[in-house]
Amino acid sequence: MRQLPPQSEPTFGFTDSPFGECCIVFSTEGICALTFPEDRESALYDIEQRFPETNFTQNDAKAKRFASMIFEKKEIPTLNPIGTDFQQTVWNALKNIPVGETTTYTKIAEAIGRSKAVRAVGTAIGANPIAFLIPCHRVIRTDGGLGGFRWGLEVKKKMLEWEKK
DNA sequence: AGGACAACGGTCT
DNA sequence: AGACCGTTGTCCT
């Protein structure tokens, strides 16, 4: 009997990154979350809230392999962000921001043709499930302020520094 | 420079 | 229907 192709069951794992320990969550389709939680317990809580229907098994080695792909080889694996149409549109727009550059919430709103929806864009960016790979950290305020960051402004600052140069 | 405030639109309860 | 937000422009002190 022929062997089935390797199945990628839903997994999650913790691993080091240039910005502290991160948690990578894989669905069968690709990476569905990348977070930089304060502690592992809150990371697990976050997964449970986001994917109450799915059972994930822990695989730190896999997370580590992907971390080196992402942060050392600087490749972007297949992503599988879950969100509303509006959120998908916003997250797609974020991918067009070049490495080492920043843009503003207003410019993203304009880029997706919803210049009046700045506030909603901010909320959608805040809901980005895949930090760093969907570069929400490259979005700052029009007045030059850092804006917000789900995983702490220190991490956002570090990411921008790391990408500069 | 910094604070208060209203208007904005998507999402959740 | 109301409240909450990773915003912003305006109007103050």
Side-chain angles (χ1 to χ4, degrees), chain A residues 10 12 14-27 29-56 63 66-67 70-71 74 76-165:
Chain A
F12 72 94
F14 295 98
T15 182
D16 279 332
S17 84
F19 321 108
E21 185 172 73
C22 65
C23 177
I24 310 182
V25 186
F26 304 85
S27 71
E29 310 293 316
I31 292 181
C32 58
L34 172 53
T35 65
F36 294 82
E38 279 292 315
D39 53 79
R40 295 186 171 199
E41 189 183 345
S42 64
L44 298 181
Y45 180 79
D46 193 71
I47 293 173
E48 172 61 26
Q49 291 305 301
R50 224 183 254 281
F51 313 101
E53 309 290 311
T54 312
N55 231 316
F56 297 89
F66 274 79
I70 293 165
F71 301 113
K74 311 204 171 162
I76 299 184
T78 304
L79 305 184
N80 178 225
I82 312 294
T84 64
D85 288 348
F86 180 78
Q87 289 169 337
Q88 301 282 354
T89 304
V90 170
W91 299 338
N92 274 324
L94 300 187
K95 294 181 191 161
N96 297 327
I97 315 170
V99 177
E101 295 185 22
T102 59
T103 187
T104 66
Y105 298 97
T106 300
K107 285 180 182 168
I108 294 294
E110 287 167 351
I112 64 173
R114 310 295 303 279
S115 51
K116 293 290 168 53
V118 193
R119 195 68 169 80
V121 163
T123 309
I125 292 177
N128 169 31
I130 312 180
F132 188 77
L133 292 174
I134 296 177
C136 61
H137 59 284
R138 299 187 195 133
V139 186
I140 63 177
R141 296 180 58 114
T142 300
D143 63 15
L146 250 197
F149 196 68
R150 172 85 182 282
W151 312 110
L153 285 180
E154 282 309 306
V155 174
K156 182 171 186 173
K157 212 181 300 180
K158 271 190 197 169
M159 287 180 176
L160 290 175
E161 274 304 308
W162 189 80
E163 290 185 333
K164 202 177 275 187
K165 84 197 173 209

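Naming: A, B, ... by sequence-line order, numbering from 1 per chain.
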Legend entry - Sugar-phosphate, base or nothing in reach of A:Val139, heavy atoms under 4.0 Å: base
Inset, instruction - Take the protein atom CD of A:Gln49 and the nucleotide atom P of B:dT13, then report the distance between them rounded to whole Å. - result: 10 Å
Legend entry - Within-4.5 Å side-chain heavy-atom neighbours: A:Pro81 and A:Ile134: yes
Inset, instruction - Identify whether any heavy atom of A:Thr123 sits under 4.0 Å from a base atom; if not, whether one sits that close to sugar-phosphate; answer base, sugar-phosphate or nothing. - result: base
Legend entry - Nearest-Å distance for atom pair NZ/C1', residues A:Lys116 and B:dA6: 15 Å
Legend entry - ring pair (Phe, Tyr, Trp, His ring centres under 6.0 Å) between A:Phe36 and A:Phe132, worked out: CA-CA 10 Å; A:Phe36 294 82; A:Phe132 188 77; 7.4 Å; no
Inset, instruction - Find the distance A:Ile125:CD1 to C:dT7:P and express it as a whole number of Å. - result: 9 Å
Inset, instruction - With A:Lys74 as the cation and A:Trp162 as the aromatic partner, state whether NZ or CZ is under 6.0 Å from the six-membered ring centre and within 45° of the axis. - result: yes
Legend entry - From C:dT8, B:dT11, B:dG9, nucleotide with atom closest to A:Ala117 side chain: B:dG9
Legend entry - Watson-Crick/G-U partner (both atom distances under 3.5 Å) of C:dG9: B:dC5
Inset, instruction - Can you figure out which of B:dT11, C:dT7, C:dG6 approaches the side chain of A:Thr84 most closely? - result: B:dT11
Inset, instruction - Using whole Å, report how far OH of A:Tyr105 lies from P of C:dC5. - result: 15 Å
Legend entry - Atom pair distance, as rounded to whole Å: CE in A:Met159 and C1' in C:dG6: 14 Å
Legend entry - Criterion side-chain contact (heavy atoms from CB on, under 4.5 Å) on A:Phe26 and A:Phe66, from CA distance to verdict: CA-CA 10 Å; A:Phe26 304 85; A:Phe66 274 79; 3.7 Å; yes
Legend entry - A:Thr106 side-chain N/O to C:dT8 phosphate OP1/OP2 under 4.0 Å: yes
Inset, instruction - Grab the CD-C1' distance between A:Glu110 and C:dT7 for me, whole Å please. - result: 13 Å
Inset, instruction - Nearest whole angstrom, please: distance from the P of C:dA3 to the CZ of A:Arg119. - result: 15 Å
Legend entry - Nucleotide nearest A:Val118 (side chain, heavy atoms from C-beta), chosen from B:dG9, C:dG6, C:dT7: C:dT7
Inset, instruction - Send over the distance from A:Leu146 CG to C:dG6 C1', rounded to a whole Å. - result: 11 Å
Inset, instruction - Determine the contact category for A:Phe86: base if any of its heavy atoms lies under 4.0 Å from a base atom, sugar-phosphate if only primed atoms, P, OP1 or OP2 are that close, otherwise nothing. - result: sugar-phosphate
Inset, instruction - Check whether more than 12 heavy atoms from other residues, nucleotides or ligands sit under 6.0 Å from atom CD of A:Gln88, and answer yes or no. - result: yes
